[in-house]
Structure formats: structure tokens, C-alpha cells
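The structure appears right after this line, and notes come after that.
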Amino acid sequence: MTLEKIIRDYEAKTPRSRALHTRAVKVMPGGNSRTTTFFDPYPFYAARGEGARIWDVDGVERLDFNGNYTSLILGHAPPEVVKAIQEAAALGASFPAPTEHEVRLAEILTQRIPSVEAVRFANSGTEATLNAVRAARAFTGRHKIAKFEGAYHGTHDWVMVSVTPDLKQAGSRKRPKPVAGSAGIPPAVLKHVVVLPWNDPEACEKILVREGDVLAALLVDPLLGIGGVLPPAPGFLERLRDITARLGILIIFDEVISFRVAPGGAQERFGIRPDLTTLGKIIGGGLPVGAFGGRADVMAVFDPRGGRGRISHGGTFNANPLTMAAGVATLEALIPERYRHLEALGERLRSGVTRLLRRTKRGGQVTGVGSLFCLHWTKKRLTDYRSSRPSDPGEPVRVFMGLLNQGVLLTQRGLGCCSVAMTEADVDRFLTALEGILENDRR
Ligand SMILES: Cc1ncc(COP(=O)(O)O)c(C=O)c1O
């Protein structure tokens with residue numbers, strides 16, 4: 001089916017969303033405050049969510065495999081989290097003082113993640129990576145940071161580099177050049193960010209050794225989540241851990257997405273102990289959140305006692321009681337049985353998609369770990385950002401929009417996740433919807 005026809009179907013289903021968007025563009029650039037959620041011709045406007053489902057303002061129901069970009073691990077409006085938020089809100093939305101909820105969430109996180117000996121809270125994953133990078137610089141006295149091509153770590157200048165670079169500007173695969181990921185990033189930033197190729201340990205080692213003396217940190221999303229959920233090759237993370245330890249570079253695991261794959265995150269799953277960890281998404285139970293933590297000696301740069309703090313980390317809404325209470329309720333609900341459920345749903349979805357692609361002879365693949373998955377529209381062997389580029393850039397858009405019309409919400413790049421609220425029947429409905437699109441395309 002052509003994109004034009006898919007868009008016509010979408011517009012026919014969503015007149016109220018179109019009307020809201022018409023109002024929105026008069027008061028916001030593009031009618032929008034979150035570029036990620038925008039798509040042409042206009043996004044649907046959400047009215048409510050319950051469990052695995054989300055309804056838009058036109059009353060269209062969709063199965064939600066987006067989960068606010070993997071944040072809603074329990075699904076929409078889980079009763080225990082709603083109750084915790086309501087109880088906290090009734091006592092006051094925020095205070096110029098810490099609360100017990102903050103201490104409780106910090107205790108839970110430090111128990112679940114042994115490498116996190118101390119933790120601090122912020123309001124987004126962006127703030128988490130910003131502060132972790134600053135801490136690494138303050139601790140090591142070095143200024144450069146390294147990151148992977150294709151990896152997303154939020155929207156501050158230091159990490160908006162080589163996220164989805166145009167390959168014409170990005171240099172060779174083994175020595176990628178830093179490419180600004182946005183207008184407005186000063187050229188000076190690019191001089192301080194070193195870019196590495198994912199899953200190529202030899203090339204990474206060469207670059208890290210060359211820059212070793214000046215590198216404060218290596219920032220690693222252990223699953224390259226937004227970059228397509230491309231799991232690390234066996235031994236790759238271990239090798240990075242060894243090289244960074246040898247060179248005195250702090251390794252920061254950005255587990256904003258990957259924390260959902262085990263009670264202690266991807267670092268538990270892969271058996272690696274990073275120096276610092278950044279968190280977000282699921283740990284706030286659906287409310288705005290970020291956290292960064294790790295080695296006590298590194299985190300001590302934030303310790304304000306006796307006026308000693310080397311980094312002042314403020315934030316009007318840091319560790320606000322609503323978010324902290326929602327985070328505690330969410331993590332307490334995530335008992336081992338629920339991780340097993342998520343794992344089984346993820347497996348069912350991935351094996352179902354693989355069978356479907358084989359049967360329909362479509363040049364696609366599905367990757368993933370645990371409850372996370374990503375659809376790819378290329379036949380290449382998937383290892384890194386470059387190999388995961390779709391052969392036809394229009395294909396992810398057609399699939400995303402096609403699924404929307406079939407009552408299934410994914411992300412535009414094909415990343416998706418299962419939630420605790422889902423059943424096997426929900427996964428099967430996803431497969432049926434995808435099958436409908438692939439079959440239609442063959443006609
Ligand atoms: C790995 C990773 N780090 C950081 C972020 C930024 O988090 P936030 O959107 O809360 O700023 C994201 C967001 O998707 C992410 O996937």
C-alpha cells in the first residue's frame with residue numbers, strides 16, 4: 001500500500017486529532033514540544049491509557065507497544081502506581097526539602113544494582129547523562145568523552161553527536177568522525193567527543209588507546225536501544241570494561257532503556273560492573289525522572305557536606321515526591337515472575353516476526369533482548385548503526401503508519417517493547433497486524 005493511501009486512512013480515523021493539531025500549530029512551532037513524538041501529517045492526541053491499551057481523542061483504541069518510549073513497563077495507569085501518586089499528591093506536589101520516598105527509591109536502586117553505591121535523582125535521562133559526564137570530568141580531570149555512533153543519550157550538546165549521522169559526513173566505519181546531531185551545537189563540542197563503532201572491539205581499542213590520556217568517560221548504552229536494539233557481540237562489553245580500566249577512563253552504562261531487561265539492568269544480564277550508571281524511564285513509574293549513580297568515590301564529587309561539593313547539582317523538581325513514590329511502587333511491583341512474563345512475551349513476539357518475515361519473503365529482521373524489540377528493514381548482517389540503515393528509508397514510516405491504522409502503536413524507528421499488562425493474545429494481535437501490512441504490500 002502506498003504511503004499516501006495509508007495517510008488518507010489515518011486522517012479519516014483521526015479528525016479530532018487534526019483539529020487539535022490545527023490549534024497547536026498556532027501556538028507552538030509545528031504544534032509540538034517533543035520532536036520524537038511528531039510525525040506527518042500530525043500525531044494522534046492521547047486521551048487515556050489503561051493496561052496495554054491507549055485511546056486517542058477520536059476514541060480509537062490501540063495496543064501500545066511504544067509504552068512512552070519503553071517507560072511504562074507495567075502498562076498504563078497500573079492501580080498500585082496510581083494510588084502511590086494520588087497519596088503523594090494529596091500531601092503536596094513538591095517541597096524545598098527531601099522526602100522519605102527519595103531515600104526509599106535510592107535504597108531499592110542501590111540494592112538492585114551493586115555497582116551503584118550511591119545515586120542522585122534528576123528529571124530526565126538527559127540530565128542523568130549530563131551529570132554523569134560532568135562527574136567523570138571532575139573526577140578524572142580530563143575533558144573528552146567517547147560515545148558510540150548511533151547511540152542516543154538525550155538532548156544535551158555533549159551527547160547529541162553522531163546519533164543518526166549522514167554517512168557522507170561520518171568518515172570511515174573503523175574511525176567515525178563526530179557529526180553534530182542538531183543545529184546549534186558549537187564546533188568546540190565536536191573536538192571533545194570521540195566516536196566509536198559499535199561491536200568492533202579492535203577499532204574501539206585503537207581509538208581509545210590513542211585518546212586515552214584525555215578521555216574522562218566512555219558512555220555506553222549496552223543495548224544500543226534507540227539505535228535499533230543491537231545487542232553487544234559476545235565479549236564486546238567485557239573488552240570495553242578492560243580497556244577503560246587500563247586507561248583510567250570511567251565507563252558509564254546508560255541504562256535509561258536497558259534497565260528494564262533484568263532486575264539489575266543490562267549490567268546484571270551481561271555481568272559487567274560499570275563505574276557509573278544512568279537511569280530514567282521505568283524508575284519513575286511514568287513520571288519525569290532521571291538518575292545517575294555508581295562508585296562512591298566518584299559520586300563523592302556531589303557531596304555537599306561541609307561545603308565540600310565539587311559539583312553543585314540543583315534542580316527544582318529533583319527527587320520530587322510524586323515521581324519517587326511512583327518509582328518505588330513500580331519497582332516493588334517488578335517481582336521475578338513479572339520479568340519472566342516480559343521475557344516470554346518478547347520471545348514470542350520476536351520468533352513470530354521472524355517466521356512472518358520468512359514466510360512473506362520480506363527483507364526484514366527483528367532484534368531484541370527481553371521485552372525490547374526492534375524491526376529492521378534490511379538484509380544486511382546487523383552489527384552497528386551503519387549496517388542497520390534501512391535499504392528503503394520509507395519502509396519504517398509505512399510500517400509505523402500502517403500499524404497505527406491496524407490499531408497498534410510502535411515507535412517510528414521500529415523500536416518497541418512489551419509491558420507486564422500484555423498477554424500472549426496481545427502479542428498475537430501485533431503479529432496479525434504486521435502480517436496484514438506485509439501481505440497488503442505484496443499485492
Ligand atoms: C539510552 C538513553 N539515554 C538517555 C535518554 C534521554 O532520556 P530523556 O528522554 O528522559 O531525557 C534516552 C531517551 O530515550 C535513552 O534512550
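One-based numbering, in listed order, for ligands and for the atoms of each.
Residue G125 places at least one N or O, backbone or side chain, under 3.5 Å from an N or O of ligand 1. Ligand 1 has an N or O atom lying under 3.5 Å from an N or O atom of D254, backbone or side chain. Between T126 and ligand 1, a contact under 3.5 Å exists for at least one N or O pair.
Look at E255 and you'll find every heavy atom at least 4.0 Å from all atoms of ligand 1. In this structure, Y152 is part of the shell of residues with a heavy atom less than 4.0 angstrom from ligand 1.
Counting heavy atoms under 4.0 Å from ligand 1, residue E127 does not touch it at all.
Not one N or O on the side chain of R269 forms a donor-acceptor pair closer than 3.5 Å with the backbone of A262. A donor-acceptor distance shorter than 3.5 angstrom exists from the side chain of R142 to the backbone of G248, with no hydrogens or angles considered.
Checked against the 6.0 Å centroid threshold, Y10 and F39 count as a close aromatic pair. Y152 and Y69 have their aromatic ring centers separated by at least 6.0 angstrom.
Between E395 and R398 there is a salt bridge, since at least one side-chain N of the basic residue sits less than 4.0 Å from a carboxylate O of the acidic one. Checked for salt-bridge contact, R53 and D426 meet the test: a charged N lies under 4.0 Å from a carboxylate O.
Ligand-side atoms of ligand 1 in range of G154: 4 (C), 5 (C), 6 (C), range being under 4.0 angstrom from any heavy atom. In the vicinity of D221, heavy-atom distances shorter than 4.0 Å reach the ligand 1 atoms 1 (C). Within ligand 1, counting atoms from 1 as listed, the ones closer than 4.0 Å to a heavy atom of I257 are 16 (O).
When side chains are defined from C-beta on, I257 counts as touching K281, because their heavy atoms get closer than 4.5 Å.
Atom 15 (C) of ligand 1 has as its closest protein heavy atom V256 CG1, 3.7 Å. Distance from atom 4 (C) of ligand 1 to its nearest protein heavy atom, with residue and atom name: H153 C, 3.4 Å. If you check which protein heavy atom lies closest to atom 14 (O) of ligand 1, you get K281 NZ, 2.9 Å.
For the 3.5 Å distance criterion, the side chains of N199 and T383 fail to qualify, holding no donor opposite an acceptor.
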